[in-house]
Amino acid sequence: MDEPPEKNGEDLWKKVVVFCRGMMETDADRSKMERYFPQFVSHRFVDGEYHIGVPGETEVDWFAPLYSDIISKALEATGVPDTKVKFVVDSSAAPLRPAPKMYNTEKQAAPAASRAPLFSSTLPLDPLYTFENFVRGPSNSFAYAIATAVAKNPDTNNYNPLFIYGGTGLGKTHLMESIGNYINKKNPKKSVCYITSETFLNKYVEALANDSINEFRARYRNIDVLLIDDVQFIAGKEKIQEEFFHTFTQLMTCNKRVVLTSDVPPKDLSGLESRLISRFQQGTVVQVEAPSYETRLAIIKVKVKAASLMVPEDVQRWIAENIRSHVRALEGALSIAEAFLESNPDIPLTPEALKHLMKDLIEEERALRNLSVNEIISRTAEFYGVTVKDILSPERTQPLVTARQMAMFLSVKLTTCSLPAIGKAFDKNHSTVHHGAGNIQKRIDVEPELMNALEEITTRLGRKMSDVLA
Ligand code: ADP
Ligand code: MG
């Protein structure tokens, strides 16, 4: 039987994508989806089933549990109910390209046969989040070392639980999933469960509604390795914390492995029960920090090389210099560069061209690094070897006045706060700020030493001279 033509069309797929996006539970799920859906080469009805083409068996194994149900629900929502969704190998598909459309195309997932049976409540691990694909630098080498130690010795109780924290896009999930992938490969008998705390919460609510709380408990309390991502989401949610505490305690008592990630260290997880915080602290707490310029450049080079991108050296350096907030943003910049290269094969890619294309990303960077007046005061005080209290005091001795006025000048230039608001932070009035900032503006033109000081503090604040001289 022929299917109605619109069912096979791109329009239907577009609708499916929109519905799927709406059904993703977390931002991370959404960004994963955005990354992989465009790489499905075909989507069409074959004998009443909806077939989605992917490059190989590994991808079939990986995507089927991840997206079949959700795509089927999306089809239902577009008016095509009860459709079996099947991932199939399509020889026209290019090898899978991970986030964004670049880097390592080597497939590192263990062959299906040696993999542990998929634990029913785990989210599938991204096969490209491996230790090999993780670039080390001073900002993450300690976290990396501990994570590999955990992966290599899942049976010992060292570093248990492991708590990885740090800002968004700095590689926490990548490291955590690397642990899972490593254990799945080397110890296929171990059951590894990777889940975000948000999904854990949703499954719990679902279990309560279905009266299946006992099954829920049994499931999560009988695993060997629990990887729980973005634990900050359960802060402030008491009931789930209770449940989580018991799961956690049970696993720890049986010497099972627990790894957690969060955007802040345990002590700063406000809204989290103190017994959970102290449990987290009993293990090892490691931080991933924002990568330095050198590490950013190294990450760019690895990704450029793996994807055989023709990104000139000066453009690579420009990206490393200008995109500082997190690694995901570096990847975003590289995919913009890649898109440019694909669509303009005859035009050289220059930093200027990229700068123009990346306006939005750069704006976002600025917003992300929005500084507070307090941060500026504290960094400036540190530079001059005085205290924040000195800066805020009424004292008018010379070195102190310079430090104070420097902090005022930087606050005017680097924040969007009004003069009265800045004055308030300094415990002064707005005209004092106006006068102080103006004074520095005049002096830097004639005092090279003061200009050097300005440059140093600006760098420490993660900003460029063009930001303060504008
Ligand atoms: P987080 O969980 O901290 O928000 P992710 O682990 O999702 O960050 O990392 C964001 C993206 O940056 C991912 O695609 C990840 O592979 C990549 N990434 C982060 N750190 C590194 C690194 N050191 N080397 C290579 N890729 C990295
Ligand atoms: Mg993450």
Side-chain angles (χ1 to χ4, degrees), residues 24-36 39 96-106 108-109 123-148 162-182 194-200 227-234 259-265 285-307 309 316 319-320 323-335 338 361 364 368:
M24 293 293 144
E25 285 178 357
T26 66
D27 281 348
D29 294 340
R30 246 183 313 279
S31 69
K32 195 175 255 184
M33 173 200 151
E34 307 276 3
R35 185 174 350 140
Y36 290 117
Q39 300 182 49
L96 192 64
R97 287 146 53 103
K101 276 176 51 192
M102 63 185 61
Y103 70 113
N104 221 332
T105 47
E106 192 186 329
Q108 279 153 346
L123 300 172
L125 294 169
D126 190 324
L128 288 144
Y129 283 174
T130 61
F131 290 124
E132 292 83 356
N133 286 343
F134 192 82
V135 177
R136 271 169 289 168
S139 57
N140 59 32
S141 58
F142 183 60
Y144 177 92
I146 305 286
T148 47
L162 171 61
F163 191 103
I164 306 171
Y165 76 92
T168 181
L170 296 181
K172 302 182 296 295
T173 298
H174 187 138
L175 271 182
M176 172 175 255
E177 292 200 30
S178 300
I179 297 176
N181 277 322
Y182 189 97
Y194 165 74
I195 193 162
T196 63
S197 73
E198 234 180 328
T199 309
F200 187 79
L227 308 172
I228 181 145
D229 208 357
D230 289 324
V231 77
Q232 71 270 12
F233 280 111
I234 64 170
V259 182
L260 310 120
T261 70
S262 155
D263 58 351
V264 291
V285 178
V286 295
Q287 182 182 11
V288 285
E289 291 175 78
S292 63
Y293 171 78
E294 287 74 21
T295 309
R296 293 198 297 273
L297 193 58
I299 292 173
I300 291 170
K301 289 201 179 302
V302 165
K303 300 197 173 193
V304 162
K305 182 158 176 244
L309 291 180
Q316 296 183 22
I319 297 173
I323 303 294
R324 306 167 178 213
S325 56
H326 52 70
V327 181
R328 203 176 285 134
L330 291 180
E331 294 179 342
L334 280 179
S335 56
E338 184 181 18
L361 209 65
E364 211 177 283
L368 268 174

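One-based numbering along the sequence shown. Each ligand, and each atom within it, is numbered from 1 in the order the structure gives.
- Considering backbone and side-chain N/O of Val135, one or more are found under 3.5 Å from N/O of ligand 1.
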So Phe163 and Val231, side chain to side chain contact (heavy atoms under 4.5 Å, CB included) or not? Walk me through it.
CA-CA 10 Å; Phe163 191 103; Val231 77; 4.1 Å; yes
Residue pair Ile323, Arg296: steps toward the side chain to side chain contact (heavy atoms under 4.5 Å, CB included) verdict:
CA-CA 9 Å; Ile323 303 294; Arg296 293 198 297 273; 5.9 Å; no
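- Not a single N or O atom of Phe134, backbone or side chain, sits closer than 3.5 Å to an N or O atom of ligand 1.
- One finds the OG1 atom of Thr173 at 7.0 Å from the OH atom of Tyr129 (value rounded to the nearest 0.5 Å).
- The Mg ion (ligand 2) has an N, O or S atom of Thr173 under 2.8 Å away, backbone or side chain.
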Derivation of the side chain to side chain contact (heavy atoms under 4.5 Å, CB included) call for Phe131 and Ile179:
CA-CA 8 Å; Phe131 290 124; Ile179 297 176; 3.9 Å; yes
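- Backbone and side-chain nitrogen or oxygen atoms of Arg136 are examined, and none is located within less than 3.5 angstrom of a nitrogen or oxygen of ligand 1.
- With a 4.5 Å cut-off on side-chain heavy atoms, Asn140 and Leu170 do not count as touching.
- Ligand 1 lies out of reach of Tyr144, whose nearest heavy atom is not under 4.0 Å from it.
- Residue Met176 places every heavy atom at 4.0 Å or more from ligand 1.
- Atom CD in Gln316 sits 13.0 Å away from atom CD1 in Ile299 (nearest 0.5 Å).
- For ligand 1, the atoms closer than 4.0 angstrom to any heavy atom of Thr168 are 4 (O).
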Assess the residue pair Asp230 and Thr196 against the criterion (side-chain hydrogen bond (donor to acceptor under 3.5 Å, both in side chains)); give the C-alpha distance rounded to whole Å, side-chain angles, the decisive distance to 0.1 Å, and a yes or no.
CA-CA 6 Å; Asp230 289 324; Thr196 63; over 6 Å; no
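- Residue-ligand proximity: Gly169 is placed with a non-hydrogen atom under 4.0 Å from ligand 1.
- By the 4.0 Å heavy-atom criterion, Gly167 is counted among the residues contacting ligand 1.
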